[in-house]
Amino acid sequence: MKHEFLTQEEAVAQDPHLWLEHITSDQALEWVEVQNAKSRERFATTDEFAAVERSIREVLDSDDKIPMVSYAGGFLYNFWRDANHPRGLWRRTTEESYESEQPQWDVLLDVDALCETEDEQWVFHGASLLRPDYDRALVSLSRGGTDADETREFDLTTRSFIAPENGGFFRPESKGGLRWINRDEVFVYTDFGPDQDGNPTLTGSGYPRIAKRLQRGQRFEDAAVVYAGDDEDMYISAWHSFTPGFERNFVSRSIAFYNSETYLLEDDGTLTLLEVPNSAEVSAYRDLVFVELREDWVLDHATYAAGSLLVTDFEKFLAGNRKFTVLFAPTDTTSLAGASFTRDYLVLNVLADVKNKLSVLIPPTDSSQGQWREMPLAGLPELGTVSVGAVDSDESNDVWIVTTDYLTPTTLLRASLDDLLATQETDNVPILEPLKSMPSFFDPSRYAVSQNFAISDDGTRVPYFLIHRSDIVLDGTTPTLLYGYGGFEISLTPNYSGALGRGWLERGGAYAVANIRGGGEYGPRWHQAALKENRHRAYQDFSSVAKDLIARGVTSTPHLGVEGRSNGGLLTGNMLMQYPDLFGAVVIGVPLLDMKRYTHLLAGASWMAEYGDPDVPQEWDYISTFSPYHLFDAGRTYPPVMFYTSTKDDRVHPGHARKLAAAMITAGKDVTYYENTEGGHAGSSDNSQAAYVATLSYQFLWENLSHEQ
């Protein structure tokens with residue numbers, strides 16, 4: 001079913017729920033509070049709810065979680081939240097102390113104390129340390145978890161912010177960033193207000209259009225412009241590479257998702273374009289340039305396949321050389337999940353049928369005649385997620401390795417690649433000793449994990465993971481939650497969740513994760529197969545996984561629920577509208593739903609490369625087929641649905657969830673709605689809010705899926 005093309009003015013005039021797009025209007029907030037009160041009364045007042053919420057909160061607040069760290073200047077830095085510090089502590093410790101069971105932490109910034117002092121609900125957005133002294137930082141703080149934040153200079157010796165009037169760098173609240181160049185210079189890209197011609201300095205997507213080089217004590221208006229983009233661009237930024245001996249400045253022009261340009265910026269302001277396809281990711285490390293392709297690159301001497309990782313000499317590349325060494329080329333079942341540099345090596349992380357495999361690439365030497373040598377890294381889990389990152393890519397070959405799966409708590413290892421490679425060259429499998437491990441929050445021995453494949457409508461094999469009790473009876477009665485995303489080349493790989501275990505699995509529920517097209521599980525081709533007019537393939541894939549779960553006897557329609565958030569909320573919104581007879585309950589989180597208006601709401605214009613432009617009649621023809629707000633039919637029967645969003649979400653407008661919920665409530669459908677008053681696109685700002693939303697979702701699903709037929 002397609003909908004006639006309407007201009008934005010006509011769409012607005014015909015929208016009876018447009019008033020809910022006014023985020024903080026009294027009328028809209030009153031409607032929100034009424035719906036929140038109904039949801040609390042229906043689900044959140046029982047002893048069972050309180051017990052589950054308390055159990056999930058224990059997981060989130062646990063002191064036994066792994067304090068993940070980053071190395072800088074001889075210290076390991078960590079941001080930590082627990083029951084006593086809901087907003088968090090930014091802190092550091094020594095390497096020796098970190099390896100002990102009870103590290104001694106030096107608190108640099110207590111965000112809870114800052115909130116109390118300044119009477120603000122700050123959310124920590126990260127800190128960037130000044131190299132090589134590491135005595136200053138640029139700290140970003142968000143009000144209530146919005147994407148927009150402010151950046152302040154922080155003195156690590158005095159544990160205090162440096163006020164702008166005392167010469168400190170400061171970026172007022174906006175979407176954007178502040179990045180170190182040296183002690184007295186930064187790059188800044190933000191909302192500078194109207195330029196000299198009265199034009200906005202944000203793009204139509206609400207992101208920075210201009211990047212400047214700012215001196216200490218200098219006003220924004222006096223800072224030198226290093227790049228000014230167009231209003232139609234998505235995001236302009238600039239940064240400095242601190243690698244000793246290879247210090248360089250760069251500018252990025254993001255025209256749209258998967259469409260960008262990267263420039264080398266000389267001190268005199270000269271910009272040199274790194275000439276690769278706009279869809280490619282290009283990066284420089286030391287004397288090398290790396291190119292990761294999203295599309296085939298046809299050159300006179302060779303064709304390099306989409307999904308490949310290429311490398312060549314940086315200076316020769318600038319001089320016009322386009323002959324590359326292929327470090328990775330995809331197959332039908334593999335894709336590149338990541339590449340991490342250490343001092344002497346490059347570690348490749350490859351997904352093979354959604355399972356991680358690591359290998360170490362050793363750069364050429366005179367004796368190897370210009371060839372990179374590859375050694376697989378053994379001794380890692382066969383079915384699970386493995387991530388790797390350098391401890392200090394300038395100084396050592398040590399790496400952090402994080403492993404996890406649905407039943408095994410996350411484990412952190414620190415390993416020397418030199419030692420691992422030396423061990424493997426003797427044909428021994430290296431033994432990797434955990435440095436830190438998360439505790440088990442539920443008994444894994446009661447459950448089984450499998451990877452299965454469903455067949456989509458066009459014959460495509462779609463993988464999915466399934467977790468359930470080992471003694472499951474395949475009679476179709478198990479309450480089952482199917483989760484998915486399917487967009488923006490994002491892969492869903494196994495991860496451990498104590499909250500899922502306690503809130504869902506321990507009750508007897510099964511959990512499935514669908515690796516549908518639109519994601520990145522099989523690289524760019526998997527993503528591009530579900531763009532724009534092919535969006536329906538993602539929905540067909542997801543529904544095919546649902547049907548496969550039913551065919552296997554794991555569950556049945558009355559016991560099958562789905563959940564997704566953001567683009568995944570658009571996914572489950574389409575499950576609700578296009579497959580209402582397939583599901584017993586639907587959860588739609590921080591979603592896009594009104595695809596006619598999405599480009600005019602907050603950051604929506606930046607996603608046209610994914611979905612298309614609804615203001616173009618030919619594109620609205622296909623967008624209208626996956627716009628849940630327009631597909632809703634008041635005369636049709638739908639399963640119970642829960643929406644959740646955030647008033648403070650400045651990425652995906654809360655009006656999406658509000659409007660479809662209101663339309664369905666008006667039509668007398670079974671709707672549960674919850675809107676957190678802060679939290680941003682994450683939906684929550686602290687562990688208490690996260691626990692509440694998770695418990696509300698699980699209670700809604702359990703009530704609707706666990707009944708007997």
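Nearest heavy atoms, L336 versus F328: N-CE2, 3.6 Å. Between S606 and A603, the shortest heavy-atom distance links the atoms OG-O, 2.6 Å. Scanning both residues, A238 and V226, for their nearest heavy atoms gives CB-CG2, 4.5 Å. Heavy atoms only, all atoms of each residue included: V354 and P463 are closest at CG2-CG, 3.9 Å. Scanning all heavy atoms of the two residues, the minimum distance from E153 to G168 falls at OE1-CA, 3.4 Å. Across L327 and L348, no two heavy atoms sit closer than the pair O-CD1, 3.6 Å.
Scanning for ring-ring contact (aromatic ring centres under 6.0 Å, His included) contacts around Y71 gives an empty result, with sequence neighbours left out. Residues passing the ring-ring contact (aromatic ring centres under 6.0 Å, His included) test with Y263 are Y227, sequence neighbours excluded. When the ring-ring contact (aromatic ring centres under 6.0 Å, His included) test is applied to F79, the partners found at least two apart in sequence or on another chain are F124.
Ring pair Y406/F465: centre-to-centre distance below 6.0 Å. With ring centers used as reference points, H527 lies under 6.0 Å from Y258. If you look at Y98 and Y77, their ring centroids are not closer than 6.0 Å.
One side chain, T151 or S140, offers a donor N or O that lies under 3.5 Å from an acceptor on the other. Looking only at atom types and distance, the side chain of S97 has no donor-acceptor partner in the side chain of Q104 under 3.5 Å away. Looking only at atom types and distance, the side chain of W180 has no donor-acceptor partner in the side chain of N182 under 3.5 Å away. No side-chain donor-acceptor contact under 3.5 Å links Y522 and D332. Of the N and O atoms on the side chains of D155 and T157, at least one donor lies less than 3.5 Å from an acceptor on the other residue.
With hydrogens and angles ignored, the 3.5 Å screen pairs no side-chain donor or acceptor of D405 with any backbone N or O of G384. Not a single donor-acceptor pair under 3.5 Å links the side chain of W122 to the backbone N or O of R87. In this structure a side-chain-to-backbone donor-acceptor pair under 3.5 Å is present from T334 to T331. A donor-acceptor pair is defined here as one N or O able to donate and one able to accept, closer than 3.5 Å; no such pair exists between the side chain of K357 and the backbone of L351. With K355 contributing its side chain and D353 its backbone, the two residues share a donor-acceptor pair below 3.5 Å. Between the side chain of K65 and the backbone N or O of S62 there is at least one donor-acceptor pair closer than 3.5 Å. Formation of a donor-acceptor pair under 3.5 Å by the T203 side chain with backbone atoms of S205 is found in this model. Within the 3.5 Å criterion, the main-chain N or O of S566 finds no donor-acceptor partner in the side chain of R651. Looking only at distances, a side-chain donor or acceptor of N567 sits under 3.5 Å from a matching main-chain atom of Y485. Side-chain N or O atoms of S174 include one that pairs as donor or acceptor with a backbone N or O of D191 at under 3.5 Å.
Between the CG atom of L531 and the CD atom of E610 there is a distance of 5.0 Å, given to the nearest 0.5 Å. With rounding to the nearest 0.5 angstrom, the CZ atom of F317 is 8.5 Å from the OG1 atom of T312. The CH2 atom of W105 lies 9.5 Å from the OG1 atom of T94; values are rounded to the nearest 0.5 Å. A distance of 8.5 Å separates CG of L358 from OG of S387, quoted to the nearest 0.5 Å. The line from CG of N356 to CD1 of I401 is 11.5 Å long, rounded to the nearest 0.5 Å. Atoms CG and CG, from N278 and L273 in turn, are 7.5 Å apart once rounded to the nearest 0.5 Å.
Contact of the I362 side chain with the M375 side chain is registered, since non-hydrogen atoms from C-beta on lie closer than 4.5 Å. Side-chain contact between R91 and P67 is present, with at least one heavy-atom pair separated by less than 4.5 Å. In this structure, the side chains of L492 and Y483 come closer than 4.5 Å at one or more pairs of heavy atoms. Residues F169 and V188 are not in side-chain contact: their nearest non-hydrogen atoms beyond the backbone lie 4.5 Å or more apart. Using a 4.5 Å heavy-atom cutoff, the side chains of I236 and Y207 are not in contact. A heavy-atom distance below 4.5 Å is found between the side chains of F257 and M234. Between P330 and S308, the closest side-chain pair of non-hydrogen atoms falls below 4.5 Å.
The 12-atom threshold is not exceeded at CG of D300, counting heavy atoms of other residues, nucleotides or ligands nearer than 6.0 Å. Enclosure of atom CD in E247 by more than 12 non-hydrogen atoms of other residues, nucleotides or ligands within 6.0 angstrom is indicated.
Note on D233 versus R253: salt bridge recorded, some NZ/NE/NH1/NH2 to OD/OE distance being below 4.0 Å. Ion pairing of R414 with D398 is present here, as a side-chain N (NZ or NE/NH1/NH2) and a carboxylate O approach within less than 4.0 Å. Ion pair D267/R248 not flagged as a salt bridge, since none of the NZ, NE, NH1 or NH2 atoms sits closer than 4.0 Å to an Asp/Glu carboxylate oxygen. With respect to K175 and D149, no salt bridge is recorded, no charged nitrogen being found less than 4.0 Å from a carboxylate O.
Among residues at least two apart or in separate chains, salt bridge (Lys or Arg N to Asp or Glu O under 4.0 Å) pairs with a member in residues 178-189 are D133-R183, D135-R183, D184-R216, E185-R213. For the salt bridge (Lys or Arg N to Asp or Glu O under 4.0 Å) condition, the pairs that include at least one residue of residues 270-296, sequence neighbours left out, are E275-R322, E281-R294, R294-E489. Under the side-chain hydrogen bond (donor to acceptor under 3.5 Å, both in side chains) criterion, the residue pairs touching residues 337-346 are T342-N397, D344-N397, Y345-D418, with sequence neighbours excluded.
In this structure, R152 is not positioned above the aromatic face of F170 in the sense of NZ or CZ being under 6.0 Å from the six-membered ring centre and within 45° of the axis.
Considering V291, V326, V298, L309 as possible partners of Y304, the one that fulfils the side chain to side chain contact (heavy atoms under 4.5 Å, CB included) test is V326.
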